[in-house]
Amino acid sequence: MLWLKPIGCFKLDGVKIHDSRRVLSGFAVWLFVSTITYASESLVMGVHPYRPHNELKEMFQPLADYLSMELDQKIEVRIGDSYQSHIDAILAGDVDFAYIGPSLFVSLTRTSNDIPVLARLEINGKPTFTGKIIVSDDSGINDIEDLKQRQFAFGNRSSTMSHLIPRQMLYEAGIDLDDLAGYHHYSNHNNVAMAVLAGDADAGAVKEAVFEKYRKHGIVAIETTEAVSEHLFIGTLKTDSQLLKELKMALLNLDHKNSDTASVLKPIKQTATALVQTSYQDYDALREILNTLEQRGVMW
């Protein structure tokens, strides 16, 4: 036990202190104030780098501002340097909550089945999305079977719509990597689209939103993927449970019909209509596809 010797009378914030017990009480108050100060530090929202960092900052800053007001705490947007670093940050608790792609979420749940889910994106009233296999509009390529002995542009190896599902689609069309003239993995969907437009690749795979962004520049879609469950927000195992409840409530209140919150959703995706409830089971169909790919030796 630590004994404190009386140290006489002095003032602490204008209050006379006559013995060590009052000093200790004052010290306890100081600790309490310090704890409050720590809690007021920024919370971190992590985002995987599926687009260039500057674009993602602009897309997610309105959401960060909205959540900052709802939680009365500053929210910082942090973009992962890679898909893997994004996963690592979630597992390490270096972010407080995160926006994550479907295949990354499936991968993460293999590591831990206790990851808290908060909400998933709803697009045009549906919490699912598709991808496109694209070619330039003057390529003469009309269907997926025409891609044999062609150059193909994939996105990140962990990307749902720019690598994993397209790999399965190519395989079902009788095309494995050895049947291509060559292939390259690009860092994000935008770069895949630009590679096709520049002629560096004959075809590529991107999510539908990126296809819509670049179609006016001269790309067409020759195939559409099946719909899978949308991107979602999750917490981490280190995030405070009360904070998770507040985050979830604030996210689920976002709706395009609400004029106060519609402007928060549109920067993330123009066709976003809400954030809705979700569960692990919503990703079972994708989980099956990824298991099939893994059995074929596809690394993701």
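Nothing here was measured: the structure is a model prediction, and the numbers come from that model. Numbering of residues begins at 1 and proceeds along the displayed sequence.
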Is a donor on one side and an acceptor on the other found under 3.5 Å between the side chain of [X] and the backbone of [Y]?
| X | Y | value |
| --- | --- | --- |
| T225 | G131 | yes |
| S136 | L197 | no |
| K57 | V77 | yes |
| Y183 | R150 | no |

Worksheet item: Could you give the distance from CG (L108) to CG (L91), rounded to the nearest 0.5 Å?
Response: 5.0 Å

Does the side chain of [X] pick up a donor-acceptor pair with the side chain of [Y] at under 3.5 Å?
| X | Y | value |
| --- | --- | --- |
| D81 | S85 | no |
| N253 | E70 | no |
| Q61 | D65 | yes |
| Q84 | S82 | no |

Practice prompt. Dump the intermediate steps for side chain to side chain donor-acceptor pair (under 3.5 Å) on T224 and K132, then the final yes or no.
Written response: CA-CA 5 Å; T224 299; K132 303 284 186 179; 2.8 Å; yes

Practice prompt. Give the intermediate values and the outcome of side chain to side chain contact (heavy atoms under 4.5 Å, CB included) for residues T128 and V228.
Written response: CA-CA 5 Å; T128 57; V228 299; over 6 Å; no

Fill in: Shortest non-hydrogen separation from A193 to Y214 and the atoms involved
CB-CD1, 3.6 Å

Worksheet entry | Nearest heavy atoms of N191 and M194, plus distance in Å | OD1-CE, 3.3 Å

Worksheet item: side-chain hydrogen bond (donor to acceptor under 3.5 Å, both in side chains): which pairs involve residues 260-275, sequence neighbours left out?
Response: E122-T273

Discussion item. Between F129 and H231, is the ring pair (Phe, Tyr, Trp, His ring centres under 6.0 Å) condition met? List the steps.
Written reply: CA-CA 9 Å; F129 75 124; H231 290 56; 5.1 Å; yes

Item to complete: Test S68 against Q73 for side chain to side chain contact (heavy atoms under 4.5 Å, CB included), laying out the working first.
Response: CA-CA 5 Å; S68 295; Q73 197 161 1; over 6 Å; no

Item to complete: Flag the pair R110 and E294 as a salt bridge only when some basic side-chain nitrogen lies within less than 4.0 angstrom of an acidic carboxylate oxygen.
Response: yes

Worksheet item: Would E226 and M169 count as a side chain to side chain contact (heavy atoms under 4.5 Å, CB included) if you check the C-alpha gap in whole Å, the side-chain angles of each, and the deciding distance to 0.1 Å?
Response: CA-CA 10 Å; E226 66 176 87; M169 293 170 66; over 6 Å; no

Discussion item. Tell me whether N54 at atom CG has more than 12 heavy atoms from other residues, nucleotides or ligands lying less than 6.0 Å away.
Written reply: yes

Worksheet item: Does R296 make a cation-pi contact with Y171 (under 6.0 Å, within 45 degrees of the axis)?
Response: yes

Fill in: H184 and F154: CA distance, side-chain angles, deciding distance, ring pair (Phe, Tyr, Trp, His ring centres under 6.0 Å) verdict
CA-CA 6 Å; H184 184 78; F154 293 108; over 10 Å; no

Item to complete: Group every Ile, Leu, Val, Met, Phe, Trp and Tyr by side-chain heavy-atom contacts under 4.5 Å, then state whether V276 and L118 land in the same group.
Response: no

Discussion item. Do Y50 and I123 sit in one hydrophobic cluster, given that two such residues count as connected whenever their side-chain heavy atoms are within less than 4.5 Å of each other, even indirectly?
Written reply: yes

Discussion item. If you apply the rule side chain to side chain donor-acceptor pair (under 3.5 Å), what do you find for N113 with T109, and how did you get there?
Written reply: CA-CA 5 Å; N113 59 7; T109 57; over 6 Å; no

Worksheet item: How far apart are the C-alpha atoms of D282 and T278, what are their side-chain angles, what is the distance that settles it, and do they pass the side chain to side chain donor-acceptor pair (under 3.5 Å) test?
Response: CA-CA 7 Å; D282 292 325; T278 191; 2.8 Å; yes

Item to complete: Over 60° means perpendicular and under 30° means parallel, so classify the ring planes of F60 and Y99, tilted if in between.
Response: tilted

